[in-house]
Amino acid sequence: MGLHTRMSEETNLSVDVLRHSAAHLLAQAVLDLYPETKTGIGPAVETGFYYDFLRDTPFTPEDLERIEARMKEIARSNIPVERLVLPKDEAIRMFEERKQPLKVELIREKGDATVTVYRQGPFADFCLGPHVASTGVLENVKLLSVSGAYWKGDEHGPQMQRIYGAVFATRKELEDHLRLLEEAKKRDHRRLGAEHDLFSTSDVLGAGLILWHPKGARIRAVIEQHWRERHWAGGYDILYTPHIGRATLWETSGHLGFYKDSMYSPMDIDDQPYYLKPMNCPFHIQIYKSRMRSYRDLPLRWAELGTVYRYERSGALHGLLRVRGFTQDDAHIICTPAQIEDEILRVLDFSVSILADFGFTDNKIELSVRDPKNLGKYAGSDALWRQAEASLIKALETRGYPYERMEGEAVFYGPKIDIKIKDAIGRLWQCTTIQFDFNMSERFGMTYVGEDGQEHRPYMVHRALLGSLERFFGVLIEHYNGSFPLWLAPVQTVILPIAERHEAYAKSLDDKLRAGGLRSTVDLSREKVGKKIRQAEVEKIPLILVVGDKEVERGSASLRVHGQGDKGEIAIARFLEQALAFNSQKSLIVNF
RNA sequence: GCCAGCGUAGCUCAGCAGGUAGAGCGGCUGAUUUGUAAUCAGCGGGUCAGGGGUUCGAAUCCCUUCGCUGGCUCCA
């Protein structure tokens, strides 16, 4: 079951209406229990609903229980919900009397000549609706968390308390949803990362900085190796650039102007200020500018696994998904205007194809373009933007990919395509971004000599495909729930000798598998096979080989596949051949 | 950064009225030589995140720093 069911499975109620009405129910319960509270807004959101409250004392988890209990009481008493249409001034008076200044503010801002107000019992709210007919259908409700939120999203405005909740038409749907939340918690990459010894962070080191443990590093090495092979095959060249650069570079690039808040303080080297890099582009541009470029040299496709450092506010940090130091799988495509359409299509195909290698085939694509009401704030000419946007759209349409057009979501230096990948339990994660950059090429004065012997400005496109290796790794862990497919698994095979006398055979088998190209290991603990198997299953090792008297004698092994159980005896040569085939084909499931 | 919650052994957690720390798993040692998801026994292991304060006495109360969590904002 997904998180975004539009209609309730067993009733004919719209999930959004249910959620929005539950938000009203929440506000009613809060005002019942804490009458001095000022109410803000309370919409339905993707996973449920929330309501923002302004109150001197914060809500505690115990308060939430009380509020939820009160909500259920009100729901059970099945109060009718009425829709009123009032003249604006009358509505304002109504909420002034109710001592709800935030509502008055909202009505003043948003209300037309007449406004709609929904009322249930003593509670009333300024709201467009629609709503359920009465509160009886809102009984299957659960409050989930409290957090801070700013009035109208302005961090200098008053800080409110936001209560989140979930509601469903039936008890079963609510329980299923809560189970899904539990499931998401269980496959949290931070938890799995510790359990499987993949990565850690350290208080001593500092927040938002990732330590890749041997097993995590193996996976990363496999990802990087695959990434390099695909890039070379895909017409890219690979670069390496330093981690720091002189202030001059960042002044020219404009980062010290528009990105300084995300950069760390400079360090002093021979009386010159140097900065840790927050982006790789200025370095790639220096390589571009190291000599004259002819139109015959273009397109250039330059990729780098470039580690960048960005200041993130402490509250924004989150496991591997939001960190302060990360490695982007960055690339810059530098080409002529005539090449741009082909290059965009090519990078789009390339991105989709590599995401698919990792098992992500269900993507959401967003096209971010200028805000038509504010065309002045963008770098680059109108003509450039038009051609860039057209090339992005053409690529998407050529492939028939559905996409969402996001007006005003473009960065100031160019339009972009973002690809969000959907994981095993339906959540979306931002990975790929393909962005035009009209700013950098201008600032650094990038040129090439055209057929006409004149200097021209090339197009430059930034591209991060997996996004950052840290984030991508986090998403992979959650997507596969720690059970990595064979080709990515840090340990691909484990050999379990039944007794001590089988250890020599187990070790020689291990050598053979390693020599053949598998990441293999032997469990030499003096435990019973049952224990060793359990251990291997818990560690989610894809292939388990049990060897005892029978196997030693016949030069074979007993195969057990993770999640599939005992597969019986197999000849070593056949096992190795098939395992290597699954490995090189990057099969998501193995079938011996 | 802001609001709220949290930080006890490697991990999960108990210690809920202030009286100098406890379990399970893991680890180590020994016995067992084992056939498809946990063999038995013994042992070690904690400046209770760091610092400061209140108190005769602090894991427990207060302040502060660091880190983590859920959000707000932002983003690869």
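Letters A, B, ... are given to chains in the order of the sequence lines, protein chains preceding strands, and every chain is numbered from 1. Computed from a predicted structure; not experimentally measured.
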Kindly state whether the ring of A:His189 and the ring of A:Phe473 have centres lying under 6.0 angstrom apart.
no
Base B:rC75 to side chain A:Arg471, donor-acceptor N/O within 3.5 Å cut-off:
yes
To the nearest Å, how far apart are A:Arg526 CZ and B:rU29 P?
12 Å
Between A:Pro415 and A:Arg370, is there a side-chain heavy-atom distance shorter than 4.5 Å?
no
Distance check, C1' atoms only: B:rA9 and B:rU65, in whole angstrom units.
24 Å
How many whole angstroms separate atom CH2 of A:Trp429 from atom C1' of B:rC75?
13 Å
Using the C1' atom as the reference point in each nucleotide, state the distance between B:rG46 and B:rC61 in Å, no decimals.
22 Å
Pick base, sugar-phosphate or nothing for A:Glu470, based on heavy-atom distances below 4.0 Å to the nucleic acid.
nothing
Base, sugar-phosphate alone, or nothing: which one does A:Ser558 contact when heavy atoms must sit under 4.0 Å apart?
base
C1' atoms of B:rG70 and B:rA31, separation to the nearest Å
50 Å
Under a 4.0 Å threshold between the charged nitrogen and the carboxylate oxygen, would A:Arg191 count as salt-bridged to A:Glu195?
yes
Go through the steps for A:Glu537 and A:Arg560 under the test salt bridge (charged side-chain N to carboxylate O under 4.0 Å, His left out), then give the verdict.
CA-CA 10 Å; A:Glu537 291 285 354; A:Arg560 190 187 163 99; 2.7 Å; yes
Expressed as a whole number of Å, how far does the P atom of B:rG22 sit from that of B:rG44?
13 Å
Closest approach to the side chain of A:Arg560, judged atom by atom: which nucleotide of B:rU36, B:rU34, B:rG71 is it?
B:rU36
Would A:Arg301 and A:Glu343 pass as an ion pair if we require N to O under 4.0 Å?
yes
Indicate, with a heavy-atom threshold strictly under 4.0 Å, whether A:Glu500 touches base, sugar-phosphate, or nothing.
base
What I want to check is whether an N or O donor and acceptor connect the side chain of A:Tyr150 with the base of B:rC3 at under 3.5 Å.
no
Out of B:rA76, B:rA4, B:rU34, minimum distance to the side chain of A:Ile498 belongs to B:rU34
Please indicate yes or no: is the ring centre of A:Phe326 less than 5.5 Å from the centre of the six-membered base ring of B:rA76, with the two planes inclined by under 30 degrees?
yes
Separation between the P atoms of B:rG26 and B:rC3, rounded to whole Å
43 Å
In whole Å, I'd like the distance from the CD1 atom of A:Ile419 to the P atom of B:rC75.
19 Å
Grab the NZ-C1' distance between A:Lys567 and B:rG35 for me, whole Å please.
18 Å
Taking only the P atom of each, what is the distance from B:rG15 to B:rC66 in whole angstrom?
29 Å
Using whole Å, report how far CZ of A:Phe592 lies from P of B:rU36.
21 Å
Between B:rG35 and A:Glu551, counting only base atoms on the nucleotide and side-chain atoms on the residue, is there a donor-acceptor pair under 3.5 Å?
yes
Could you tell me whether A:Arg310 and A:Glu312 make a salt bridge, using a distance below 4.0 angstrom between a side-chain N and a carboxylate O?
no
How are the rings of A:Phe592 and A:Phe575 set to each other: parallel, tilted or perpendicular (split at 30° and 60°)?
parallel
From NE2 of A:His502 across to P of B:rU33 the rounded distance in Å is 13 Å
A:Asp330/A:Arg463 salt bridge by N-O under 4.0 Å criterion
no
Atom pair distance, as rounded to whole Å: CE in A:Met406 and P in B:rC75
12 Å
Pick the C1' atom in B:rU20 and in B:rG30, then give their distance to the nearest Å.
34 Å
Please give the distance between the P atoms of B:rU29 and B:rU12 as a whole number of Å.
25 Å
What stems, by residue range, does RNA chain B take part in, given at least 3 consecutive Watson-Crick or G-U pairs under 3.5 Å?
B:1-7 with B:66-72, B:10-13 with B:22-25, B:27-31 with B:39-43, B:49-53 with B:61-65
Just to be sure I understand the rule, does A:Glu195 reach a base, reach only the sugar-phosphate, or reach nothing, if contact means heavy atoms closer than 4.0 Å?
nothing
Sugar-phosphate only, base, or nothing, as touched by A:Val204 at under 4.0 Å among non-hydrogen atoms:
nothing
Report each atom pair, protein N/O against N/O of nucleotides 64-70 of chain B, whose distance is under 3.5 angstrom.
{"residue": "B:rG67", "atom": "O2'", "partner": "A:Asp203", "partner atom": "OD1", "Å": "2.8"}
{"residue": "B:rU69", "atom": "OP1", "partner": "A:Arg190", "partner atom": "NH1", "Å": "2.8"}
{"residue": "B:rU69", "atom": "O3'", "partner": "A:Arg190", "partner atom": "NH1", "Å": "3.4"}
{"residue": "B:rG70", "atom": "OP1", "partner": "A:Arg190", "partner atom": "NH1", "Å": "3.4"}
{"residue": "B:rG70", "atom": "OP1", "partner": "A:Arg190", "partner atom": "NH2", "Å": "2.9"}
{"residue": "B:rG70", "atom": "OP2", "partner": "A:Arg190", "partner atom": "NH1", "Å": "3.4"}
{"residue": "B:rG70", "atom": "OP2", "partner": "A:His318", "partner atom": "ND1", "Å": "3.1"}

Closest nucleotide among B:rU33, B:rC72, B:rG35 to the A:Val529 side chain
B:rG35
Whether A:Asp154 and A:Lys152 form a salt bridge (side-chain N of Lys/Arg under 4.0 Å from carboxylate O of Asp/Glu) is what I want to check.
no
Salt bridge check: are A:Arg501 and A:Glu503 linked by an N-O gap of less than 4.0 Å?
no
Taking for A:Ser525 and for A:Leu321 the nucleotide of RNA chain B with the nearest heavy atom, the one nearer the 5' end belongs to A:Ser525
Taking atom CD of A:Glu553 as the centre, report whether more than 12 heavy atoms of other residues, nucleotides or ligands fall under 6.0 Å from it.
no
Decide whether A:Arg220 and A:Thr327 meet the rule of one side-chain donor and one side-chain acceptor closer than 3.5 Å.
yes
Distance, rounded to the nearest Å, where A:Glu366 contributes CD and B:rA76 contributes P
12 Å
Any ion pair linking A:Lys215 and A:Asp197 (charged N to carboxylate O, less than 4.0 Å)?
no
Using a cut-off of strictly less than 4.0 Å, decide whether A:Arg191 has a side-chain nitrogen or oxygen near OP1 or OP2 of B:rU12.
no
Counting only heavy atoms from other residues, nucleotides and ligands, does the tally under 6.0 Å from NZ of A:Lys540 exceed 12?
yes
Output the residues of residues 530-550 of chain A in contact with RNA chain B, where contact means a heavy atom of the residue under 4.0 Å from an atom of the strand; sort by number or write none.
A:Gly530, A:Lys531, A:Ile533, A:Arg534, A:Glu537, A:Val546, A:Gly548, A:Asp549, A:Lys550
Testing B:rA76, B:rU34, B:rG1 for proximity to the side chain of A:Arg313, the answer is B:rG1
